[in-house]
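The chains referred to below are lettered A, B, ... by the order of the sequence lines, with proteins before strands, and numbering in each begins at 1. In what follows, every heavy atom counts, from backbone to side chain, and hydrogens, waters and symmetry copies are set aside.
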There are 2 protein chains.
Amino acid sequence: MGNVDWKKFPSKLWARLASRRARSPGSWAHPADDARGYKPLRQAIAQYLGSSKGIACAADQITIVSGVQQALDVLARLLLSRDDKVWLEDPGYFGARIAFENAGAQIVPVPVDAEGIVVAQGIATGAAAAGAYVTPAHQFPLGPAMSLGRRMELLKWAASSGAFVIEDDYDSEYRFEGRPIPALMSLDRGSNVIMVGSFSKLLFPALRIGYIVAPPALADFVAAFRLQTDFRAIHLEQTVLTDFIDGGHFSRHVRRMREIYAGRHAPLIEAARRHLAGVLDVQNVHCGLYTAAQLRNSMSSAEAERAALAAGVETLSLDRYTWSTSDPKGLLLGFASFHETAIRKGIRRLARAFR
Amino acid sequence: MGNVDWKKFPSKLWARLASRRARSPGSWAHPADDARGYKPLRQAIAQYLGSSKGIACAADQITIVSGVQQALDVLARLLLSRDDKVWLEDPGYFGARIAFENAGAQIVPVPVDAEGIVVAQGIATGAAAAGAYVTPAHQFPLGPAMSLGRRMELLKWAASSGAFVIEDDYDSEYRFEGRPIPALMSLDRGSNVIMVGSFSKLLFPALRIGYIVAPPALADFVAAFRLQTDFRAIHLEQTVLTDFIDGGHFSRHVRRMREIYAGRHAPLIEAARRHLAGVLDVQNVHCGLYTAAQLRNSMSSAEAERAALAAGVETLSLDRYTWSTSDPKGLLLGFASFHETAIRKGIRRLARAFR
């Protein structure tokens with residue numbers, strides 16, 4: 001569902017940049033030890049976060065990690081004590097649950113609706129939680145962006161209770177209509193929000209580079225704790241990525257992929273409307289690499305997943321991502337790594353399977 | 001103290017291999033998900049461990065990690081529960097202490113002598129420990145290799161009590177005299193030993209590739225837990241390292257560096273004997289990138305470190321590495337990244353500082 005079309009990645013350009021850096025190891029092979037990661041990369045990321053997400057941050061607020069999972073693992077261990085409570089969207093992201101449970105925390109599942117996490121419900125069941133994990137740009141897995149009202153509610157709760165809010169910014173670059181939505185962190189006046197992000201879905205999955213953006217007072221602790229779990233932060237690919245961003249290739253590639261994915265998203269929505277209306281309603285959240293779809297027949301999510309598979313279409317049932325809510329009766333359909341013809345064919349197969 | 005002479009690394013060759021792999025992303029950019037790391041690399045490491053350290057292991061017993069610290073962090077969290085006891089050599093390796101304490105374990109410091117960890121003392125103070133961390137090839141930081149007798153004692157305790165033994169194989173490749181010493185793991189008949197190793201000190205520090213070799217019954221758990229903390233295991237540099245090993249460049253480079261470091265170790269020993277005898281006795285353990293030296297004047301380790309620094313020589317006092325033993329009155333002297341002339345000059349400066 002979250003696969004990117006990595007064949008479109010300009011790998012020859014990347015190889016040229018990598019080769020140049022590999023030939024001049026003085027620039028990276030034994031850099032001044034920097035627990036936060038390669039400084040020019042952190043500067044490039046800070047600039048990007050400012051221009052694309054409205055986050056005003058300094059390079060030293062950023063710690064480079066291997067990806068979002070390492071970010072969550074480090075933050076969970078640093079911020080949570082055993083039996084601390086933490087809010088998780090329900091349905092929500094399994095990776096966050098793994099990280100929090102490995103740190104010994106107790107999950108407080110909080111339902112989501114079309115505006116995102118239902119903050120009032122979180123306060124009702126877990127007001128004293130140490131923190132919350134949210135996906136404001138593109139709720140995982142249902143898709144909607146968190147409304148401004150909910151964002152303000154969440155920040156108000158965090159500021160008044162001293163809770164942290166981890167903002168997982170995944171897929172925010174792949175918004176096909178409307179203006180980019182500013183990050184939750186850009187609205188934060190209380191230094192409660194920590195953002196985590198990754199380049200895997202923007203460039204290629206084997207690029208193990210992600211980042212944590214922490215409020216100034218927390219940033220040193222994040223960097224120091226990551227160092228305790230993984231020592232050196234800098235490797236060659238960080239310098240290659242720096243060149244890729246600074247040379248303008250990153251924003252060009254993201255723009256191009258956004259157009260390509262939009263050109264796959266549109267026929268998915270259109271074909272689903274034609275062939276699946278009233279059976280499987282594919283939501284148009286104008287964003288992401290996959291979309292959620294609601295079952296309108298009598299099937300459970302799991303039954304629908306099996307029926308789709310029998311018809312030759314691999315989907316993921318939404319109840320794989322629930323903690324305590326009942327079956328949301330829906331499927332996830334990935335589209336980013338498929339051509340239009342494959343998408344239309346898949347939709348027709350689903351229509352036959354579900355009617 | 002542990003710096004390598006990374007300028008001798010064949011970076012142009014590495015760049016050529018990296019460039020070739022980067023141009024063919026099909027070979028790595030979106031590989032079949034493999035929680036253990038790139039399989040051809042694990043096969044190359046298994047073969048290397050067999051021929052160089054006498055370890056008979058299958059590629060699937062190996063999990064690729066970012067380095068020894070991630071290996072220790074993963075193993076500590078997987079193998080230790082809160083308040084479990086674990087043996088640590090005293091003086092010993094701070095990185096292991098950090099990993100074990102972050103997992104909530106209690107450290108049992110066990111003294112070391114010329115034969116390595118004093119197993120009888122460990123049994124006397126912590127027979128019920130869950131495990132032990134040792135550096136058998138080159139005790140950190142004192143230098144001696146663990147004797148065969150101690151190895152058998154340690155394995156006997158582990159087998160009878162069901163304890164794990166983590167063997168940190170650091171610097172074992174840099175043995176200047178005599179035959180390579182087989183790994184502790186090669187003597188293990190009880191599946192108690194887990195080996196951790198890294199390529200950072202063999203190739204270049206920014207290469208973030210290390211490994212865990214676990215007994216067959218444990219290997220799946222290690223791979224699964226690492227995956228929970230860091231998701232995807234494969235990145236481009238793993239494929240480059242595979243080509244570097246398979247092409248014979250790795251063993252050639254290690255042989256060459258061993259000769260170079262031996263040619264720096266010998267003048268250190270010789271000059272120390274001439275200028276420092278009776279004041280600072282430099283031990284010849286025939287191994288490693290640094291050596292320990294015993295103070296024979298009245299200075300404490302910390303006083304000696306300060307006096308050396310005032311004379312323009314950066315050393316590290318041995319009492320930085322003790323947990324509960326008294327000051328071992330000694331210094332660590334790195335030699336691997338210095339030319340002979342710098343080494344001789346440094347020894348003369350130390351002689352002036354300490355006499």
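- When each of I64(A), I209(A), V213(A) is checked for a side-chain contact (heavy atoms from CB on, under 4.5 Å) with I45(A), only I64(A) meets the rule.
- Only the side chain of I98(A) comes within less than 4.5 Å of a heavy atom of chain B; its backbone N, CA, C and O stay farther away.
- Here K8(A) pairs with D5(A), R256(A), M257(A), I260(A), R264(A), H339(A) under the side chain to side chain contact (heavy atoms under 4.5 Å, CB included) rule; sequence neighbours left out.
- No other option in Q70(A), K12(A), R16(A) has as many heavy-atom pairs under 4.5 Å with chain B as Q70(A).
- Within the 4.5 angstrom heavy-atom criterion, no atom of R20(A) approaches chain B.
- Between R226(B) and D73(B), none of the side-chain N atoms (NZ, or NE/NH1/NH2) sits under 4.0 Å from a carboxylate O, so this pair counts as no salt bridge.
- When heavy atoms are compared at a cutoff of 4.5 Å, R77(B) approaches chain A solely by way of its side chain, counted from C-beta outward.
- Proximity to chain B is absent for every atom of R21(A), based on heavy atoms less than 4.5 angstrom apart.
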Stepwise ring-ring contact (aromatic ring centres under 6.0 Å, His included) test for Y211(B) and F199(B): CA-CA 9 Å; Y211(B) 52 86; F199(B) 291 94; 5.7 Å; yes
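- For T135(A), the side chain to side chain contact (heavy atoms under 4.5 Å, CB included) partners at least two apart in sequence or on another chain are E89(A), Y133(A), Q139(A), F140(A), D168(A), Y170(A).
- In this structure, no portion of F9(A) lies under 4.5 Å from any heavy atom of chain B.
- We find that K201(B) and E173(B) are not joined by a salt bridge, their nearest charged nitrogen and carboxylate oxygen being 4.0 Å or further apart.
- Between chain B and the options Q228(A), R23(A), R82(A), K7(A), the largest number of non-hydrogen pairs under 4.5 Å is found for Q228(A).
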